[in-house]
Amino acid sequence: FPPNSVLPAALTVSPSRSQFFKGDSVSLSCEEDNSSAGWTVRRNTTRGTRTQCDGWGQPAGSSCIMNYLVQSDSGVYWCEWREGSASSSIQLTVTGGSVILQSPVLPVMEGDDVTLSCHTKTAPSNLPAAFYKDGSLIRTEPAGHMTLHHVTSSDEGLYRCSISAHGESPSSSISVGFYLSAKAPPTTGAPPPAFHQSSLRLVCHMVVFCPYVVSTLLLLSLYQDRAKAAPPSQDQQRPAEDENVTEHHF
């Protein structure tokens, strides 16, 4: 497998797809910040592990050209720095059949639109095609193209396609990445919306006045409880005493 230390280099594939017919040609190139010095293309296939381009292709600087692909060229490809670090890897598939699925080589970003195309080796590329994900039919498209809108992680999986009377493609994996940086904040000079201003003022007023309202209600409640529990005053007791005295003289 590729080394664990991954550098910000990219392996570009031309033509840009992950499936190829037997006999196709492909060019693999390593690039890092517009520089390619020191990089080599390596691969893992059934024919070998971490083998360099000069054993199965034509090296050209940091690129590798494969003029005639065969099924045993299917495998994992990556760029490796001379000190052992590596780029992210990609999976290439070579089929001896007559149908391929054209899909993105690298992970797509969350929120992007992704178009999948089903192609035959000899017939036109706009034939009706059925598209599958993880073995289940998604739908059939009359022109052989299907677009996934605003992809999310739920769109990740193994995709393949089939064309009647021609066969079906191998499966290719689609993975979805995400942007690390959030959207840019609004310009500092632009005032916030009126709704946000009103909401902010309301919150401020509530924070300032709510403690006073709560404390006032507590004091009133305590005062009422003490008034109910207090003994009657002397003025309230005096009429009863006078009544007792009057009854005694009578």
Side-chain angles (χ1 to χ4, degrees), residues 2 6-21 24 26-34 74-79 86-95 97 99-120 123-164 166-196 199:
V6 177
L7 292 178
L11 174 61
T12 59
V13 182
S14 180
S16 182
R17 62 176 192 256
S18 59
Q19 294 187 9
F20 296 86
F21 293 111
D24 284 348
V26 63
S27 175
L28 309 173
S29 301
C30 300
E31 294 182 0
E32 179 194 10
D33 296 332
N34 299 323
S74 299
V76 178
Y77 291 75
W78 72 94
C79 296
S87 70
S88 298
S89 60
I90 61 174
Q91 175 79 40
L92 298 183
T93 302
V94 182
T95 178
V99 178
I100 62 171
L101 174 68
Q102 185 171 332
S103 61
V105 178
L106 298 174
V108 297
M109 303 309 293
E110 188 174 35
D112 289 348
D113 293 342
V114 177
T115 298
L116 307 178
S117 301
C118 202
H119 296 278
T120 63
S125 59
N126 58 351
L127 296 176
F131 291 86
Y132 301 81
K133 177 192 174 189
D134 297 329
S136 299
L137 175 66
I138 304 174
R139 60 180 178 267
T140 299
E141 292 289 349
H145 307 279
M146 182 183 72
T147 300
L148 305 174
H149 297 283
H150 310 297
V151 295
T152 65
S153 58
S154 63
D155 292 305
E156 293 182 327
L158 289 174
Y159 289 77
R160 62 181 174 86
C161 67
S162 64
I163 297 177
S164 179
H166 291 274
E168 67 178 31
S169 72
S171 295
S172 282
S173 175
I174 290 182
S175 57
V176 179
F178 59 92
Y179 296 101
L180 295 178
S181 58
K183 292 183 179 180
T187 308
T188 54
F195 175 77
H196 290 169
S199 301

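In this chain, numbering begins with 1 at the start of the sequence shown.
The NE2 atom of His166 sits 5.5 Å away from atom CG of Leu127, with the distance rounded to the nearest 0.5 Å. The line from OH of Tyr132 to OG of Ser169 is 10.0 Å long, rounded to the nearest 0.5 Å. To the nearest 0.5 Å, the span separating CG on Leu92 from OG on Ser172 amounts to 9.5 Å. With values rounded to the nearest 0.5 angstrom, Ile100 atom CD1 is found 10.0 Å from Ile163 atom CD1. Atom CZ of Phe131 and atom CZ of Arg160 lie 12.0 Å apart (nearest 0.5 Å). Put simply, CD on Gln91 and OG on Ser175 are 11.5 Å apart, with the number rounded to the nearest 0.5 Å.
In this structure Asp24 satisfies the side chain to side chain contact (heavy atoms under 4.5 Å, CB included) test together with Arg17, Phe20, Phe21, Leu69, sequence neighbours excluded.
Between the side chain of Ser89 and the backbone N or O of Trp78 there is no donor-acceptor pair closer than 3.5 Å. Between the Gln19 side chain and the Pro170 main chain, a donor and an acceptor come within less than 3.5 Å of each other. A distance-only check finds no donor-acceptor pair linking the side chain of Thr93 to the backbone of Ser74 [under 3.5 Å]. Checked by atom type and distance alone, the side chain of Glu156 pairs as donor or acceptor with a backbone atom of Val176 at under 3.5 Å.
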* Asked: Given the rule in the side-chain contact (heavy atoms from CB on, under 4.5 Å) test, do Tyr159 and Leu148 qualify, once you have shown the distances and angles that lead to the verdict?
  -> CA-CA 12 Å; Tyr159 289 77; Leu148 305 174; 3.7 Å; yes
* Checking side-chain contact (heavy atoms from CB on, under 4.5 Å) for the pair Ser162/Val99: CA distance, chi angles, key distance, verdict? -> CA-CA 7 Å; Ser162 64; Val99 178; over 6 Å; no
Sequence neighbours left out, cut at 3.5 Å: what donor-acceptor pairs do the side chains of residues 106-117 make with other protein atoms?
{"from": "Asp113", "atom 1": "OD1", "to": "His150", "atom 2": "N", "distance (Å)": "2.9"}
{"from": "Thr115", "atom 1": "OG1", "to": "Thr147", "atom 2": "OG1", "distance (Å)": "3.1"}
{"from": "Ser117", "atom 1": "OG", "to": "His145", "atom 2": "ND1", "distance (Å)": "2.8"}

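Within the 4.5 Å cutoff, the side chain of Asp155 has no heavy atoms near those of the Ile174 side chain.
When all heavy atoms of Ser18 and Ser103 are compared, the closest pair comes out as OG-OG, 3.3 Å.
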